[in-house]
Amino acid sequence: MLKKGSKLNSILTGSCPTCNEESMYLDKNPYNVLNVYKMHENCSHCGTKYKIEPSFFYGAMYVSYALGIAFGVAAFIITYFFVGEKNLVNNFIAIIITLVVFMPVIMRLSRNIWINMFMSYDKDWKQHKGEKKATLR
């Protein structure tokens, strides 16, 4: 499931979508808020250019919205059904705390999902290393 070459591996680890050899981010820790968006320009292994065009990652905002909704719904379900908190104000506070705590993770995951929608794994990336810079589907 998380083997090298799978989309899920690239999304969860933040690795290059073409070769899965290195992290796309300068700092692997998403909670280093000053560096949460700082990325390498190209993959040092396969040469894939991460920013395909200017403002490429603006589309990740839509994915981020969906992930935020998913995290919020999960927080509500956990507090309402599993913790047994029936007061909606406390559930709302739990949702806000969850979204604030997981904000850096949601931002990284949304970028990872967005770039993996447009690029795919190339098992022969070593032969194509000098030929292409961005592997679009």
### Task
Could you name each residue pair satisfying salt bridge (charged side-chain N to carboxylate O under 4.0 Å, His left out) that touches residues 57-67, not counting sequence neighbours?
none
### With sequence neighbours excluded, residues passing side-chain hydrogen bond (donor to acceptor under 3.5 Å, both in side chains) with K28
none
### Query
Does K38 have any side-chain hydrogen bond (donor to acceptor under 3.5 Å, both in side chains) partners at least two apart in sequence or in another chain, and if so, which?
N35
### Message
According to side-chain hydrogen bond (donor to acceptor under 3.5 Å, both in side chains), who are the partners of N29, at least two apart in sequence or on a separate chain?
### Response
none
### ring pair (Phe, Tyr, Trp, His ring centres under 6.0 Å) partners of Y37, counting only residues at least two apart
none
#### Entry: Where at least one partner belongs to residues 56-67, residue pairs that pass side-chain hydrogen bond (donor to acceptor under 3.5 Å, both in side chains), sequence neighbours excluded
none
### Query
Would you say K7's side chain and N116's backbone share a donor-acceptor pair under 3.5 angstrom?
yes
Residues 68-80 side chain polar contacts: donor-acceptor under 3.5 Å, at least two apart:
from: T79; atom 1: OG1; to: A75; atom 2: O; distance (Å): 3.0
from: T79; atom 1: OG1; to: F76; atom 2: O; distance (Å): 3.2
from: T79; atom 1: OG1; to: N91; atom 2: OD1; distance (Å): 3.0

### Results of side-chain contact (heavy atoms from CB on, under 4.5 Å) for V101 - residues two or more places apart only
Y31, I97
### Message
The criterion is side-chain hydrogen bond (donor to acceptor under 3.5 Å, both in side chains); which residues satisfy it with T13, sequence neighbours excluded?
### Response
S15
### Query
Can you tell if the side chain of L26 reaches within under 4.5 Å of the side chain of M39, non-hydrogen atoms only?
no
### Query
Do L109 and F102 pass the side chain to side chain contact (heavy atoms under 4.5 Å, CB included) test, and can you show the C-alpha distance, the side-chain angles, and the key distance before you say yes or no?
CA-CA 10 Å; L109 278 175; F102 287 105; over 6 Å; no
### Message
Checking E22 now: which residues fulfil salt bridge (Lys or Arg N to Asp or Glu O under 4.0 Å) with it, not counting sequence neighbours?
### Response
none
### Query
Which of these, F56, F57, Y50, sits in a side-chain contact (heavy atoms from CB on, under 4.5 Å) with R111?
F57
#### Entry: Any residue meeting side-chain contact (heavy atoms from CB on, under 4.5 Å) with V63, in chain and number order, not counting sequence neighbours
L67, S110, I113, W114
### Summary
The side-chain contact (heavy atoms from CB on, under 4.5 Å) partners of F92 (sequence neighbours excluded) come to I96
